[in-house]
*Asks:* 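The structure follows.
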Amino acid sequence: MPLVRIVEGPFQPWALLAELEPELGLRPGGFGATAVFTGTMRDFNEGDGVTAMTLEHYPGMTERHLERIIDEACGRFDILDALIVHRVGPIAPGETIVLTAVWSAHRRAAFEANRFLMEELKHRAPFWKKEALADGSARWVEQNTPG
Amino acid sequence: MPLVRIVEGPFQPWALLAELEPELGLRPGGFGATAVFTGTMRDFNEGDGVTAMTLEHYPGMTERHLERIIDEACGRFDILDALIVHRVGPIAPGETIVLTAVWSAHRRAAFEANRFLMEELKHRAPFWKKEALADGSARWVEQNTPG
Amino acid sequence: MSVKVRYFASLGDLIGRSEDQMDIEGHITVADIWREATGEIPMPPRTLVAVNQEYADLEQVVHDGDEVAFFPPVTGG
Amino acid sequence: MSVKVRYFASLGDLIGRSEDQMDIEGHITVADIWREATGEIPMPPRTLVAVNQEYADLEQVVHDGDEVAFFPPVTGG
């Protein structure tokens with residue numbers, strides 16, 4: 001059962017993954033490969049120091065599109081399950097923004113599907129980052145770094 | 001500081017990752033992407049039920065080649081750090097065999113380097129799997145599944 | 001008919017609010033909604049549109065009860 | 001000269017032991033080591049070789065104190 005979660009506070013990604021994995025109902029011994037990705041807030045972007053960030057989303061539409069991205073991954077790749085966790089609200093450097101994970105029998109599908117999740121999320125899921133810069137100004141991030 | 005570890009007993013991969021990550025000395029806020037892979041023992045392979053497995057390695061050569069694979073990844077991809085943990089000895093279905101992780105500023109390098117680590121490990125690192133089958137027989141695995 | 005209009009991220013800053021509730025009649029497209037709601041503020045290039053939380057285009061016809069959203073390119077992950 | 005020879009995985013099963021300590025003289029290659037140590041058991045196809053824990057080939061010359069290892073294709077991960 002795929003799992004999508006929007007979270008408002010900081011989370012430790014590996015602890016959360018250990019907590020959520022049993023909820024998926026995967027059969028122990030039934031999967032051979034797990035590919036995981038985390039995106040973490042850097043204290044620099046496009047050459048500037050970044051002191052804080054706020055992530056806005058579109059409640060409802062965001063979850064719906066994350067679920068659809070997982071559905072598409074399940075159709076394209078031979079995977080068993082997947083999850084996406086994404087942070088919203090104020091975020092500090094060093095904190096995790098996104099966690100994706102994919103389980104499959106063999107490694108190729110897990111690697112490819114996990115990368116697919118992240119690329120699709122970056123291009124389609126309604127989230128917007130506003131950065132507070134070291135000089136006191138703020139700016140909306142206009143586009144993501146190419147993947 | 002890259003980290004290579006051969007372990008003889010079961011480990012919870014996400015807990016171990018949480019434990020080892022601080023040992024790498026990454027600067028918080030200095031990385032934006034982490035790609036992780038785990039290989040888990042399945043209870044099936046090549047169409048047969050597998051009840052247990054033993055992983056043999058070549059102490060010394062194995063560690064040396066894992067370290068070299070990480071060095072090569074650092075040369076080819078713009079990454080900040082990496083780790084490889086690999087199990088040896090008797091293993092039960094559902095237990096983790098291998099854990100790889102790569103940290104980088106941007107996601108592309110982490111994804112690509114992590115996949116590189118796994119493919120090189122599968123092709124070059126001296127480990128050998130012996131499977132105990134459901135019918136009571138045992139066999140050395142002759143080759144890995146293509147990645 | 002009644003339409004809810006939402007503005008996200010930099011478009012919320014541009015318009016000066018995050019949503020409008022509009023009462024409007026006739027054959028109305030998403031582009032008409034923008035003009036009516038914003039008082040003809042020029043739409044920034046690369047603005048994205050959703051109708052009822054699905055991506056849509058400016059020519060899409062809007063119906064009673066629809067939720068129309070305008071936002072800049074997404075930057076999550 | 002003295003050479004340590006090691007056999008891993010299915011090759012250990014084939015040879016019936018996991019290592020030999022050989023005393024041997026002359027211009028000796030890895031292939032010679034296999035013949036001397038195994039009593040001319042045919043080498044399985046795809047056998048891999050390491051000298052001092054580095055991958056090598058059958059023609060590599062072996063020196064005093066070297067460690068020579070024979071093993072099947074690796075299957076870790």
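By convention in this document, chain letters (A, B, ...) are assigned in the order of the sequence lines, proteins followed by strands, and residues within each chain are numbered from 1. Just so you know, these numbers come straight off a predicted model, no measurement behind them.
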*Asks:* Are any non-hydrogen side-chain atoms of Arg107(A) and Lys122(B) less than 4.5 angstrom apart?
*Replies:* yes
*Asks:* Pick one of side chain, backbone, both or neither for Glu21(B), based on which atoms fall under 4.5 Å of a heavy atom in chain A.
*Replies:*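 Looking at Glu21(B), just its side chain touches chain A.
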*Asks:* Given heavy-atom pairs under 4.5 angstrom as the criterion, report whether the side chain, backbone, both or neither of Asn114(B) touches chain A.
*Replies:*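 Both backbone and side chain of Asn114(B) come within 4.5 Å of chain A.
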*Asks:* Counting only heavy atoms closer than 4.5 Å, note whether Ala101(B) contacts chain A via side chain, backbone, both or neither.
*Replies:* neither
*Asks:* Quick one, Thr34(B) and Trp14(A) - any side-chain contact, counting heavy atoms below 4.5 Å?
*Replies:*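 A side-chain contact exists here, since the closest heavy-atom pair is under 4.5 Å.
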*Asks:* Give me the atom names and distance for the closest heavy-atom approach of Gly29(A) to Phe44(B).
*Replies:* O-CE2, 3.8 Å
*Asks:* Between Gly94(B), Gly32(B), Pro28(B), which shows the greatest number of heavy-atom pairs under 4.5 Å with chain A?
*Replies:* Gly32(B)
*Asks:* Are Glu119(B) and Arg108(A) ion-paired here, with the side-chain N under 4.0 Å from a carboxylate O?
*Replies:* no
*Asks:* May I ask you to check whether over 12 heavy atoms, not counting those of Asp78(A), lie within 6.0 Å of atom CG?
*Replies:*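 Counting neighbours around CG of Asp78(A), 12 or fewer heavy atoms of other residues, nucleotides or ligands fall under 6.0 Å, so no.
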*Asks:* Where on Ala15(B) is there a heavy atom nearer than 4.5 Å to chain A: the side chain, the backbone, both, or neither?
*Replies:* neither
*Asks:* Can a donor-acceptor pair be found, under 3.5 Å and without considering hydrogens, that links the side chain of Arg42(A) to the backbone of Ala105(B)?
*Replies:*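 It does hold such a pair.
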*Asks:* Is the number of heavy atoms from other residues, nucleotides or ligands within 6.0 Å of CD (Glu23(B)) greater than 12?
*Replies:* yes
*Asks:* Most heavy-atom pairs under 4.5 angstrom with chain A, which of Thr40(B), Asn45(B), Val98(B), Leu26(B)?
*Replies:* Thr40(B)
*Asks:* Based on non-hydrogen pairs under 4.5 Å, which of Gln12(B), Glu95(B), Met41(B), His106(B) is most in contact with chain A?
*Replies:*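 Greatest number of close heavy-atom pairs with chain A: His106(B).
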